[in-house]
Each structure stands twice: as structure tokens, then as C-alpha cells.
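Working notes, structure below.
One is the number of the first residue; the rest follow in order along the sequence. Since we're looking at a predicted model, the values are computed, not measured.
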Amino acid sequence: MTDLPDFSSSGKAGDSELQDFLLVEKQKAQFHAQIHEFNDFCWDKCVDKPGAKLDSRTETCISNCVERFIDVSLLITNRFAQMLEKGGGMH
């Protein structure tokens, strides 16, 4: 079972703990959503007809697809981070 932080403490410490907890949970949800997006996109792209086993072509396609998807996600994330660092954040 997940260890939940104790939010019963009052004041800023409790608020900060809650905010940190919520941020981590949001990041977990985004990560899981990204995994599902990989699965959906790459499955549709690479799997012609599902069978008992993946053939080597399909396996290679899925692997390459996920790697490219991750590369593009990192590129976009890094680009946004650069924009924020330069003060060019979206208004």
C-alpha cells in the first residue's frame, strides 16, 4: 500500500507537503498517460495482425517507434525549458 504523507500538520508545512505530494502524483499520472500514448500510437503503426507472438519485424518497429516517440518528447520538453529559461515563456 502507498505511504501517504501526514497532512494533519497545520500551516505552511502541511500545505507544502500537500503541494509536493500532489505534484508527484500529477507527474505519475502524466507518465502513465505517456506510456498509454506510446502503446496506442506504436501498436497502430506496427502491428498488422495480432498473433500469439510478435515477429521480429513488428518487435523492431515497436522498439524504434517508442524510441523516436521518447526522443521527440524530450526534444519538445527541452525546447520549452530553454524558452522558459530565456524568459520567453508563453503568456
Only pairs under 3.5 Å count here: list side-chain donor-acceptor contacts from residues 63-74, not counting sequence neighbours, and write none if there are none.
residue, atom, partner, partner atom, Å
N64, ND2, T60, O, 3.4
R68, NE, D71, OD2, 3.1
R68, NH2, D71, OD2, 2.8
S73, OG, Q34, NE2, 3.3
S73, OG, F69, O, 3.0

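Not a single side-chain hydrogen bond (donor to acceptor under 3.5 Å, both in side chains) links D40 to another residue, sequence neighbours left out. Among residues two or more places apart in sequence or in another chain, the salt bridge (Lys or Arg N to Asp or Glu O under 4.0 Å) test is passed with R57 by D48. Remark: N39 engages I35 in a side-chain contact (heavy atoms from CB on, under 4.5 Å) (not counting sequence neighbours).
Atoms CD and CZ, from E85 and F80 in turn, are 14.0 Å apart once rounded to the nearest 0.5 Å.
Under the 2.5 Å cut-off for SG-SG separation, C46 and C61 qualify: their sulfur atoms lie closer than that.
Proximity of T58 to D55: side-chain heavy atoms (C-beta onward) are separated by under 4.5 Å at one or more points.
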Side chain to side chain contact (heavy atoms under 4.5 Å, CB included), that's the test. Do Q27 and L23 meet it? Break it down for me. CA-CA 6 Å; Q27 289 170 339; L23 179 62; 4.0 Å; yes
